Amino acid sequence: MSDESRPAPADGPSGGPAEARTAAVIPAAGRGVRLGPGAPKALRTLGGTPMLIHAVRALAASRAVSLVVVVAPPDGAVEVKSLLAAHALPERTDFVVVPGGASRQESVRLGLDALPPEYDVVLVHDAARPLVPVDTVDAVIEAVRDGAPAVVPALPPSDTVKEVTPAAAPGAPEPVVATPDRSRLRAVQTPQGFDRQVLARAHAEVTENVTDDASMVEQLGLTVVVVPGHEEAFKVTRPLDLVLAEAVLARRRLNDGF
Ligand code: CTP
Ligand code: MG
């Protein structure tokens, strides 16, 4: 369905046939150590606008998303609230800001704790992936609404990946243990989408440190499915990623102008 002229209901879910209400949790509480010194990563600017605002807009661009929970740097909740107030965001979307924790996992859990009960689909999206296209967001939501308990967008890796025995000292040669068949590997992105009860249970039961939410659901023994990701959903991690993000924004502006 792509009839943009049809008015959306004033409240309740819009943009999808299912009754499920969808919220997004955006962990933005990290420092961004790998990006180098400066403001917390989510507050650094791209094209003059904080990365976090790009990420919030990207999720709120989906008509299905009616609430965005931003998990702010622990001492930055007031600043994040005023940033959200200062930037134009869709009126159909509500916003909540909570302070984050010491790990991404803890930050996501604090965001989940702030979700009102009526939301039954949850997306978790890194603030550090500011340029994810709305079609990717919608594809994840659709797969959850179609019955998958957990959905991750992912792309085939472009490099061959080696498994090694990690060196004790940084920079020392590392023996290769194996070369996994690349056709079976996927590099995962966000937003990751979940049945809300499943994700809440994963965060309550899994204590091991993980770097993504879907792996917690895997540990519950449930099936996680992959849908196609997008190259513009890359994570801003190191300084070169900022250069790429600025270039993607510049290309979008050029294309919008013609
Ligand atoms: N994150 C968070 N709370 C933390 C750590 C990370 O909310 N305690 C968030 C980051 O803000 C980011 C996302 O998790 O949006 C993905 O993490 P990553 O890219 O690793 O960001 P940082 O942890 O900030 O970066 P680094 O690991 O380089 O310090
Ligand atoms: Mg990190």
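Order of appearance sets the numbers: ligands from 1, and atoms from 1 within every ligand. Just so it is clear, the values below take in all heavy atoms, side chains as well, and ignore hydrogens, waters and symmetry mates. Since this is a predicted model, take the numbers as computed values, not measurements. For this chain, numbers begin at 1 and follow the sequence in order.
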Per-atom contacts, ligand 1 versus [X] - under 4.0 Å to a heavy atom:
X: A28; answer: 7 (O), 11 (O)
X: A128; answer: 15 (O)
X: R31; answer: 24 (O)

Any ion pair linking [Y] and [X] (charged N to carboxylate O, less than 4.0 Å)?
X: D256; Y: R252; value: no
X: D126; Y: R129; value: yes
X: R251; Y: E232; value: yes

Report the part of [X] in contact with ligand 1, treating N, CA, C, O as backbone and CB onward as side chain, heavy atoms under 4.0 Å; options are side chain, backbone, both, neither.
X: R34; value: both
X: E106; value: neither
X: S107; value: side chain

Protein heavy-atom partner closest to [atom] - residue, atom, separation in Å:
atom: atom 19 (O) of ligand 1; answer: K235 NZ, 2.7 Å
atom: atom 21 (O) of ligand 1; answer: K41 NZ, 3.2 Å
atom: atom 9 (C) of ligand 1; answer: P27 O, 3.6 Å
atom: atom 23 (O) of ligand 1; answer: G30 CA, 4.2 Å
atom: atom 16 (C) of ligand 1; answer: D126 OD1, 3.5 Å
atom: atom 26 (P) of ligand 1; answer: V33 N, 3.5 Å
atom: atom 7 (O) of ligand 1; answer: A29 N, 2.9 Å

Distance check, rounded to the nearest 0.5 Å: L123 atom CG versus D213 atom CG?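 Reported to 0.5 Å precision, the distance equals 11.0 Å.
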When rounded to the nearest 0.5 angstrom, what distance separates CG in L84 from CG in L89?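 Rounded to the nearest 0.5 Å, the CG-CG separation comes to 6.0 Å.
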On the ring face of Y119, is R196 found with NZ or CZ under 6.0 Å from the centre and within 45° of the axis?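 No, cation not above the ring by the 6.0 Å, 45° rule.
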For the CD atom on E205, are there more than 12 heavy atoms of other groups (residues, nucleotides or ligands in this structure) within a distance under 6.0 Å?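 Yes, enclosed.
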Crowding at CD, E218 (>12 non-hydrogen neighbours, <6.0 Å):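 For E218, atom CD is crowded (more than 12 foreign heavy atoms under 6.0 Å).
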Return a yes/no value for [X]: is any of its N or O atoms, backbone included, closer than 3.5 angstrom to an N or O of ligand 1?
X: G32; answer: yes
X: A102; answer: yes
X: T237; answer: no
X: G101; answer: yes

Do D135 and H230 pair up side chain to side chain, a donor and an acceptor below 3.5 Å, judged on atom types alone?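 No, H230 and D135 have no side-chain donor paired with an acceptor closer than 3.5 Å.
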Can you name the closest pair of heavy atoms from A245 and V236 and give their distance?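 Taking A245 first and V236 second, the nearest heavy atoms are CB-CG2, 4.3 Å.
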For residues A29 and S107, report the shortest heavy-atom separation together with the two atoms involved.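 A29 and S107 have their closest heavy atoms at CB-OG, 3.6 Å.
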Heavy-atom contact check, 4.0 Å cutoff: does A42 meet ligand 1?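 Per 4.0 Å heavy-atom rule, A42 does not contact ligand 1.
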